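Small disclaimer: the values here were computed from a predicted structure and weren't measured.
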Amino acid sequence: MAEFADHAALRVHAGHGGNGCASVHREKFKPLGGPDGGNGGRGGDVILEVDASTATLLDFHRRPVRKAGNGKQGSGSNRSGAEGADLVVKVPNGTVVLTSDGDVLADLVGTGTRFTAAAGGRGGLGNAALASPRRKAPGFALKGEPGEERKLTLELKTVADIGLIGFPNAGKSSLIAAMSAARPKIADYPFTTLIPNLGVAEAGDVQFVVADVPGLIPGASEGKGLGHDFLRHVERCAALVHVLDCATTEPGRDPITDLDTIEAELAAYEQIVGPGLAGTRLTDRPRLVALNKIDVPEARELADLVKPELTARGLAVYEVSAATTEGLRELKFAMAQLVAEARAAQPEPEPARVVIRPAAVSEPGFEVTRTPDDAYLISGEKPERWVRQTDFTNDEAVGYLADRLARLGVEKALADAGAEPGDTVLIGDLVDAVVFDWDPTLTAGSGHAPGPRGTDRRLEG
């Protein structure tokens, strides 16, 4: 069974809000006790939280659907329903949350960082909360709102300071094992490393995280080999280290050719995905070159031969051996210097500022449009929410909805748009809207509870 996953699909269901309660207080010698129905409880949220002990998205392959708790219904004696329990889902550091269309919703970096993936529905008001001087004993309550449902994609992009890049079997895993306490699988065949390995290295007073990026071969940017599955793990690295195999016996390969091939793949990948999440382009990140396996005599000779050309390109070159640890101390201090410089160059985090822009008082909060089949579509946050809260089996509840819509200005807007009595009016999304036959003859705001102004065609039959 696989032990690592850096890509997963996730469906989140927030909790539904509980329905309000329509109840009348009953007590001996108090026949007119008044309404005492409580409100419904709020539905629970689905929250993604970065957890330091979580390192993979594998659990989402096993359980791709996550649901929060529903709010409870209100009850008599002014008792509100319990709120639904929030569901906190642990994700690894460096998780990117995207919509099913590929739009980035959140980039979760840092232990404890949270993102509300789906918000719970609000609970419905009980008839005690709906009572007013004009409607002293409502015989209805509002329904709870449904919780959000979303289809998300999670991608894990390793959070490391240094990325080791190079051909398979160049010795990247061996270098990590020699520089840190990490113990990755090491063998003498290509693609031994199938998952990114992380190790914590230390040089002087600087600690940094090193990651090897497996599967870089010609065509990796086009998906060959492990392709994009692991190229994404170089996006956050502050610096890159080319690990070049000086002891390879494959025809057509040498350190210079390997370096040029890997650089071409990084440039091609950057053209596809953009500059990445570290603030600078991949091609602009600082580079070091590690000429590996110099414990082999032929490899040492080849390293001495190619070092001048690499130095002429402006690259800092280090001859190392993961087997004997020769040259690793100098390489680690060079890595630490790049990491320290990158950290010093980062701007100071600015305090978070929340800008609240309330809608203008003059804005109606809804829009009336004409559909191709000569119906009138009402769209807006308030009308759509009110429709979801209405119990269409209760005439008084439908009348209350009509009153709210009239006070919002919907009737006037329909009349201005040319609507006539009997025309079809839709509220909500065009695909699944609530359909009414408009009857504007009743006067909203009368002293008695108004009756229905239309019928929901979804309930007919």
Side-chain angles (χ1 to χ4, degrees), residues 158 160-188 190 192-193 196-214 216 233-234 237-250 253-263 266 285-343:
T158 302
D161 298 299
I162 299 289
L164 303 183
I165 54 178
F167 270 68
N169 274 100
K172 301 183 294 295
S173 298
S174 299
L175 281 179
I176 284 187
M179 290 191 295
S180 70
R183 291 296 174 263
K185 180 181 178 181
I186 300 172
D188 60 351
T192 305
T193 304
N197 295 307
L198 296 178
V200 178
E202 185 174 359
D205 58 353
V206 179
Q207 280 192 342
F208 54 95
V209 179
V210 184
D212 71 333
V213 182
L216 286 185
H233 292 281
V234 303
C237 297
L240 303 176
V241 175
H242 280 282
V243 181
L244 303 180
D245 185 357
C246 292
T248 182
T249 57
E250 293 184 28
R253 283 197 44 202
D254 61 77
I256 301 296
T257 303
D258 287 358
L259 183 142
D260 292 338
T261 301
I262 297 301
E263 286 290 347
L266 292 178
R285 308 275 171 85
R287 301 284 203 276
L288 296 176
V289 174
L291 298 175
N292 196 20
K293 304 183 183 180
I294 60 169
D295 53 291
V296 179
E298 294 81 0
R300 187 181 296 273
E301 293 177 4
L302 182 58
D304 293 337
L305 182 65
V306 301
K307 184 175 180 179
E309 181 174 347
L310 296 173
T311 304
R313 296 187 182 188
L315 297 170
V317 182
Y318 297 86
E319 299 181 19
V320 300
S321 170
T324 64
T325 70
E326 180 181 350
L328 290 189
R329 175 179 171 81
E330 293 79 4
L331 179 61
K332 281 201 298 184
F333 272 91
M335 292 179 179
Q337 182 179 354
L338 291 181
V339 171
E341 292 173 355
R343 291 173 181 173

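- Of all heavy-atom pairs between Ala211 and Ile176, the closest is C-CD1, 3.9 Å.
- Of the inter-residue distances, the one linking Ile165 atom CD1 with Leu244 atom CG reads 9.0 Å to the nearest 0.5 angstrom.
- Side-chain atoms of Lys293 never come within 3.5 Å of backbone atoms of Ala322 as a donor-acceptor pair (strictly under, hydrogens ignored).
- At a threshold of 4.5 Å between non-hydrogen side-chain atoms, the residues Leu259 and Leu315 count as touching.
- The one candidate from Thr325, Val320, Thr324 that meets the side chain to side chain contact (heavy atoms under 4.5 Å, CB included) condition with Asp295 is Thr324.
- Contact record, Ala203 with Ala336: CB-CB, 3.7 Å, taken as the closest heavy-atom pair.
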Go through the steps for Leu266 and Leu240 under the test side chain to side chain contact (heavy atoms under 4.5 Å, CB included), then give the verdict.
CA-CA 11 Å; Leu266 292 178; Leu240 303 176; 3.9 Å; yes
Would you please test Met335 and Asp161 for side chain to side chain contact (heavy atoms under 4.5 Å, CB included) and show each step?
CA-CA 9 Å; Met335 292 179 179; Asp161 298 299; over 6 Å; no
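- For the pair Leu175/Leu328, a side-chain contact is recorded, criterion being any heavy-atom separation below 4.5 Å from C-beta on.
- Within a 6.0 Å radius of CG in Asp260, more than 12 heavy atoms belonging to other residues, nucleotides or ligands are found.
- Residues Val243 and Asp212 form no side-chain contact, since every pair of their non-hydrogen atoms from C-beta on lies 4.5 Å or further apart.
- Counting heavy atoms from C-beta outward, Leu288 and His242 have side chains that stay 4.5 Å or more apart.
- Atoms CD and CD1, from Glu319 and Ile294 in turn, are 5.0 Å apart once rounded to the nearest 0.5 Å.
- Ile256 places a side-chain heavy atom less than 4.5 Å from the side chain of Arg313.
- The two atoms that bring Leu310 and Leu291 nearest to each other are CD1-CD2, 3.9 Å, heavy atoms only.
- Of the candidates Lys332, Glu330, Arg329, Lys307, Glu330 is the only one forming a side chain to side chain contact (heavy atoms under 4.5 Å, CB included) with Tyr318.
- Taking 4.5 Å as the limit, every side-chain heavy atom of Asp245 sits out of range of all side-chain heavy atoms of Asn292.
- In terms of heavy-atom proximity, Pro286 sits nearest to Ala238 at CD-O, 3.3 Å.
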Hey, mind stepping through Leu338 and Arg285 against side chain to side chain contact (heavy atoms under 4.5 Å, CB included) and telling me if it holds?
CA-CA 10 Å; Leu338 291 181; Arg285 308 275 171 85; over 6 Å; no
